[in-house]
Amino acid sequence: MATRVLSRQEMKIDCEDDVLLVRRRVQMLAQQRGFDPFATAALTTATSELTRNVWIHAGRGQAVVEEIAEGGRCGIRVQFRDEGPGIADIERALRGGYSTAGSLGLGLSGSRRLVDHLNIESAPGRGTVVTILKWARLR
Amino acid sequence: MKVPILRIGRMLLASVQVELRDTVADAFQQDVLAAIEKNGADGLIIDITALDIVDSYVARVLLDTGRMARLLGAPTVLVGMRPAVAATLTRMGFVMDDVYTALNIDEGLHLLQGIAGRRLGA
């Protein structure tokens with residue numbers, strides 16, 4: 001099925017304030033696209049976790065926020081890119097409870113439970129690209 | 001930007017109105033602990049009505065603050081959590097142990113007064 005990109009915005013992540021800015025952008029789009037409050041909170045929280053991951057682990061990176069349409073439904077896709085240390089064991093990181101930064105280790109595993117799709121491309125020393133997608137529920 | 005801490009009888013009320021970023025979070029924890037010591041508070045209410053998003057970082061700050069307060073003898077009640085926030089934290093697998101929760105400030109106050117009363121009675 002053809003996926004159309006309705007809008008696309010690249011945002012830099014290189015300080016803690018950027019975590020907020022990316023999150024607010026995604027929250028606003030979700031509300032405008034008719035996400036209910038639970039879905040909005042889920043997508044916005046996942047965005048917050050993953051933006052913070054970029055900032056904490058890589059120090060800087062990028063978020064690409066897109067509104068997409070496919071077969072009559074709308075969604076929001078966010079890609080988080082960094083050139084940081086990368087993830088050695090993606091499976092383990094996704095299982096949760098595993099942290100290299102003294103946090104709770106819920107960032108990746110928790111985010112996966114909040115969105116419809118989460119994809120990770122990463123290797124040690126080669127940076128990380130995490131992509132999430134959530135559809136607005138049809139009413 | 002500081003988190004205001006008010007005194008209600010023998011309880012303290014901290015209303016989180018701003019984003020708990022790293023620097024704010026540290027100051028918040030220190031201010032809360034200092035206020036508990038200074039006032040000899042019997043309990044702490046943390047009001048998060050103003051937060052429409054609570055990610056695992058902020059949740060951990062709140063939980064840690066509650067644990068610290070308990071070590072000073074002040075049990076903590078987290079109040080005002082929005083339904084969407086509760087659903088999100090639960091789906092992420094976050095467990096809010098070590099702090100009490102209540103729907104609003106009134107109920108949080110009652111809960112803490114009950115705990116303080118039982119302590120005196122024992």
Side-chain angles (χ1 to χ4, degrees), chain A residues 13 15-31 35-57 59 80 93-99 101-116 118 132 134 137, chain B residues 1-3 15-30 46-70 76 78-99 101 103-104:
Chain A
I13 303 168
C15 66
E16 200 181 6
D17 284 338
D18 292 335
V19 176
L20 264 186
L21 292 178
V22 172
R23 184 172 110 182
R24 281 189 192 144
R25 169 77 185 157
V26 168
Q27 185 175 30
M28 192 190 73
L29 285 179
Q31 286 163 348
F35 282 64
D36 64 47
F38 282 65
T40 300
L43 177 64
T44 308
T45 304
T47 299
S48 189
E49 301 289 343
L50 297 169
T51 312
R52 183 171 282 280
N53 274 357
V54 170
W55 179 63
I56 288 174
H57 295 287
F80 307 87
L94 275 174
R95 276 202 302 274
Y98 166 65
S99 170
S103 63
L104 292 163
L106 285 176
L108 276 178
S109 63
S111 296
R112 184 163 69 166
R113 297 193 200 105
L114 296 175
V115 295
D116 294 319
L118 182 147
I132 56 172
K134 194 167 180 74
R137 220 180 291 159
Chain B
M1 292 287 265
K2 295 189 82 170
V3 175
S15 283
V16 181
Q17 306 279 349
V18 294
E19 193 57 37
L20 287 174
R21 301 180 310 159
D22 280 3
T23 44
V24 180
D26 284 349
F28 169 61
Q29 289 175 338
Q30 286 172 25
I46 303 178
D47 177 26
I48 56 166
T49 312
L51 301 183
D52 51 6
I53 297 296
V54 175
D55 63 13
S56 66
Y57 172 77
V58 170
R60 193 192 53 163
V61 169
L62 296 172
L63 194 55
D64 282 353
T65 306
R67 286 174 173 155
M68 293 170 188
R70 197 180 58 177
T76 297
L78 200 58
V79 306
M81 186 183 288
R82 298 188 182 193
V85 169
T88 301
L89 285 174
T90 303
R91 279 165 69 188
M92 289 182 78
F94 195 84
V95 182
M96 269 291 176
D97 279 346
D98 299 338
V99 292
T101 50
L103 205 52
N104 52 41

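First the proteins, then the strands, lettered A, B, ... as listed; each starts at 1.
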Are A:V19 and B:R21 side-chain neighbours, meaning at least one heavy-atom pair lies under 4.5 Å? no
Nearest heavy-atom approach of A:A42 to B:R91 is CB-NH1, 4.2 Å
Residues A:A41 and B:T88: closest non-hydrogen pair is CB-OG1, 3.6 Å
Are B:P83 and A:F38 close enough that some pair of their side-chain heavy atoms sits under 4.5 Å apart? yes
Heavy-atom nearest pair, A:E49 first then B:S56, reads OE2-N, 2.5 Å
The interface call for B:V58 against chain A, heavy-atom contacts under 4.5 Å, is neither
Taken to the nearest 0.5 Å, the spacing of B:I53 CD1 from A:T45 OG1 works out to 4.0 Å
When the 4.5 angstrom heavy-atom criterion is applied to A:R112 and chain B, the contacting part is neither
Subject >> Lys/Arg N to Asp/Glu carboxylate O, A:R23 vs B:E19, below 4.0 Å >> reply: yes
In this structure, OG1 of A:T40 is separated from CG of B:D52 (nearest 0.5 Å) by 10.0 Å
